2 protein chains.
Amino acid sequence: MTIREVAEDAGVSLQTVSRVINDGPNVRPQMREKVQASIDRLGYVPSLAAQRMSGSRSYIILAINDRERTIADWRERQGNDWVDQMLLGGMLTCAKHGYRMMVELVDTHIDHVERELGATISALQPDGVILTPPHSENRQITQLLELRNIPFARIGSKGEGAGIPLTMGDENAARFATERLIELGHRRIGFIAGPAQYSLSSWRVDGWRAAMRDAGLRCDGLLEAGDFSYSSGTHAGRALLDRNEDLSAIIGSNDQMTLAALAVAQDRGLRVPRDLSLISFDNTPIVRFSQPPLAAIDQPIAETVSVAVDRLIALKGQPHEDGTIDVAASLVERASLGPAPDPA
Amino acid sequence: MTIREVAEDAGVSLQTVSRVINDGPNVRPQMREKVQASIDRLGYVPSLAAQRMSGSRSYIILAINDRERTIADWRERQGNDWVDQMLLGGMLTCAKHGYRMMVELVDTHIDHVERELGATISALQPDGVILTPPHSENRQITQLLELRNIPFARIGSKGEGAGIPLTMGDENAARFATERLIELGHRRIGFIAGPAQYSLSSWRVDGWRAAMRDAGLRCDGLLEAGDFSYSSGTHAGRALLDRNEDLSAIIGSNDQMTLAALAVAQDRGLRVPRDLSLISFDNTPIVRFSQPPLAAIDQPIAETVSVAVDRLIALKGQPHEDGTIDVAASLVERASLGPAPDPA
DNA sequence: ATGAAAGCGCTAACAC
DNA sequence: GTGTTAGCGCTTTCAT
């Protein structure tokens with residue numbers, strides 16, 4: 001089935017068929033209908049490769065994830081569904097526009113980034129690329145894409161520069177979680193930050209700090225940083241509890257670290273939420289199954305990716321001018337969240 | 001960067017470069033080296049679209065999943081990592097061969113299957129397709145692929161016919177799980193089967209039946225069927241417990257149903273594993289977090305998909321002759337598994 | 001062992 | 001509004 005056969009069938013030129021396919025101008029409605037009828041009857045679908053070849057779009061959006069972390073997540077089977085949520089938002093929205101989403105894993109820290117990504121770009125020639133942390137702020141990557149003139153979205157990035165910046169309300173989410181704890185009577189609220197190479201780590205800290213400050217509370221000794229791993233959460237949890245006898249709540253910057261903090265607390269005989277409340281970030285599936293289940297800031301990954309795809313396709317290469325797009329996260333309350341213990 | 005520039009740079013014809021790229025014959029080692037040097041230096045990577053256009057392979061393997069079920073899993077965020085495991089096995093193995101994996105969701109039960117899948121095939125022109133249950137045994141789909149001459153793998157399917165059949169040791173796994181329970185002293189072992197439209201449902205039943213028979217045990221009243229949903233597991237669990245006072249173990253054909261059976265048992269005051277042992281199928285992430293964690297047959301999805309990709313690429317369109325490929329599943333023992341209660 | 005020519009299916013640019 | 005022409009980057013013949 002090629003465009004030629006459709007043209008013959010409809011008794012028109014290739015070009016007219018092409019115009020119909022691409023919703024081009026200068027086709028009489030009547031003609032359009034006739035051609036469309038042939039297309040439908042013959043079950044014709046244009047070849048992506050041929051469309052790409054003739055200089056038009058490739059109809060492919062490429063989503064890029066951190067290779068090492070993603071593979072580790074898959075192998076460990078901890079239920080992290082980041083990729084699934086990306087696919088949910090990305091594939092469906094791509095499909096809506098007649099695009100396809102492809103997923104690619106790219107190493108961050110090695111020096112081959114350019115070669116690795118460059119090769120993928122050359123092979124696939126995607127119409128748009130979606131970068132996720134920590135790639136979103138990798139200069140090598142953003143520069144490569146800018147240079148090659150590939151529109152891209154940066155999830156978890158706010159900087160000016162090229163590419164569409166999108167965030168998931170990190171600062172507000174942290175602020176809101178903190179405010180909720182304060183509302184429940186908590187005064188000493190510890191915070192386990194993510195690693196510094198993720199900008200969102202510091203945004204979350206900012207939100208927490210702001211809420212504490214607004215409530216007239218001090219943050220001294222209440223901040224620890226981890227690297228998103230369970231073990232770093234154990235370490236941070238211990239440090240916070242060691243240092244603060246009066247600690248009554250902890251906000252962790254992801255689920256693994258917060259689960260670790262939960263384990264530390266329970267090891268020390270603290271009851272959650274009676275003695276200690278916990279709020280996590282991410283809301284991956286497993287937090288519903290801890291004892292008690294963890295309250296968590298839900299990251300709207302699917303929607304963010306969906307918005308990114310929409311923008312990428314709508315922009316068609318024109319630069320994005322509207323500043324950072326923020327898709328708000330929300331707090332899912334669960335049993336790990338309770339009123340502050342009486343100041344006995 | 002096109003093949004032309006490489007040819008000029010190396011001072012050879014386009015053809016020679018093409019031969020080097022494709023490991024073709026009739027190139028002197030010396031020439032090959034020279035061209036490869038140019039390729040490396042210029043960072044040339046052939047365009048997938050152009051390769052496809054000129055009649056050769058598309059270097060794309062398409063993995064097809066059930067649309068409704070997959071989207072439901074993603075939305076519900078129950079931690080089902082089937083797609084992730086497919087990607088783990090599929091993407092990495094594709095990459096090893098210079099291929100890409102694309103994921104596509106296809107509706108099973110509607111009559112548009114042919115149009116829907118046909119359109120995808122026409123657009124993408126994949127070099128191979130991987131079918132997962134229940135698509136693996138959908139005649140409309142297999143016939144379409146056969147007709148279009150697209151090599152495909154059928155996961156969870158044994159029939160003769162076109163396509164490479166692959167299974168995950170369903171019968172043996174069920175048999176082994178049953179034998180393990182018998183070894184632990186269990187005599188009355190209930191089985192919750194999956195829905196009939198999945199062949200693997202009956203294979204698993206067969207394995208259980210065979211093990212029971214070999215041990216001289218009867219199966220009467222011990223079989224219930226669900227549809228893989230939690231609620232169907234609740235129903236089946238109740239029926240089994242209602243009917244069999246002496247029931248001491250249940251094997252469920254997937255995690256959701258087995259978790260439901262666990263809840264039913266606990267609702268009735270049964271302690272697991274003291275009063276009732278449970279073994280599940282799938283071993284998705286959440287079974288580690290139930291109380292107690294569920295012993296489960298681990299489905300080697302990643303490896304199975306990896307094998308499928310390998311075969312698909314190796315065969316290059318020649319028919320597969322070696323019969324069903326079986327990738328063995330294994331039992332992961334967890335706290336839901338214990339000795340049978342004393343026949344007090 | 002290498003090169004030249006033809007064409008894959010489509011769209012852009014131009015003609016009418 | 002519609003048709004014609006050229007060419008995208010590559011691999012396939014086929015010549016040499």
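Any value given below was found using the heavy atoms of this structure, including those in side chains, with hydrogens, waters and symmetry copies removed. Since we're looking at a predicted model, the values are computed, not measured. We name chains A, B, ... by the order of the sequence lines, and we start the count at 1 in each one.
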Once you round it to whole Å, what is the distance between [atom2] of [N] and [atom1] of [X]?
| X | N | atom1 | atom2 | value |
| --- | --- | --- | --- | --- |
| A:Asp23 | C:dA12 | CG | P | 13 Å |
| B:Met53 | C:dT11 | CE | C1' | 11 Å |
| A:Tyr59 | C:dG9 | OH | P | 18 Å |
| B:Leu48 | D:dT11 | CG | C1' | 14 Å |
| A:Leu14 | D:dA6 | CG | P | 14 Å |
| B:Met1 | D:dC10 | CE | P | 10 Å |
| A:Glu33 | D:dT2 | CD | P | 13 Å |
| B:Arg4 | C:dA4 | CZ | P | 12 Å |

In this structure, are over 12 heavy atoms from other groups packed under 6.0 Å from A:Glu160 atom CD?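 No, the 6.0 Å shell around CD holds no more than 12 heavy atoms from other groups.
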[X] side chain, from C-beta outward: closest of [options]:
| X | options | value |
| --- | --- | --- |
| A:Arg19 | C:dC10, C:dA13, D:dC10 | C:dA13 |
| A:Val27 | D:dT2, C:dT11, C:dG3 | D:dT2 |
| A:Ser13 | C:dG7, D:dC8, D:dT4 | D:dT4 |
| B:Gln51 | D:dG3, D:dC10, C:dC10 | D:dC10 |
| A:Ile3 | C:dC10, D:dT11, C:dG9 | C:dC10 |
| B:Arg28 | C:dA1, D:dT4, D:dT11 | C:dA1 |
| B:Ser47 | C:dT2, D:dT2, D:dC10 | D:dC10 |
| A:Met31 | D:dT2, C:dC10, D:dG9 | D:dT2 |
| A:Ile21 | D:dT11, D:dG3, C:dT11 | C:dT11 |
| B:Asn26 | C:dA1, D:dT11, D:dC8 | C:dA1 |

Hey, does the side chain of [X] come within less than 4.0 Å of [N]'s phosphate (OP1/OP2), counting only N and O?
| X | N | value |
| --- | --- | --- |
| B:Thr16 | C:dG3 | yes |
| B:Tyr44 | D:dC10 | yes |
| A:Ser18 | C:dA12 | no |
| B:Ser54 | D:dG9 | no |

Does [X] come within less than 4.0 Å of [Y], counting only side-chain N to carboxylate O?
| X | Y | value |
| --- | --- | --- |
| A:Arg77 | B:Asp84 | no |
| A:Asp127 | A:Arg52 | no |
| A:Asp326 | A:Lys158 | no |

For A:Gln15, answer base if it contacts any base atom (sugar-phosphate contacts may also be present), sugar-phosphate if it contacts only those atoms, and nothing otherwise; contact means non-hydrogen atoms under 4.0 Å.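 The residue A:Gln15 makes base contact.
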Over all strands shown, is B:Arg52 touching base, sugar-phosphate only, or nothing at heavy-atom distances under 4.0 angstrom?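 Answer is nothing: B:Arg52 stays at 4.0 Å or more from every strand.
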Taking the side chain from B:Ser136 and the backbone from B:Ile155, do they hold a donor-acceptor pair closer than 3.5 Å?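 Yes, B:Ser136 side chain to B:Ile155 backbone: donor-acceptor pair under 3.5 Å.
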Locate the shortest heavy-atom distance separating B:Ser157 from B:Glu137; write the atom from each residue and the value.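 Heavy-atom minimum between the residues: OG-OE2, 3.2 Å.
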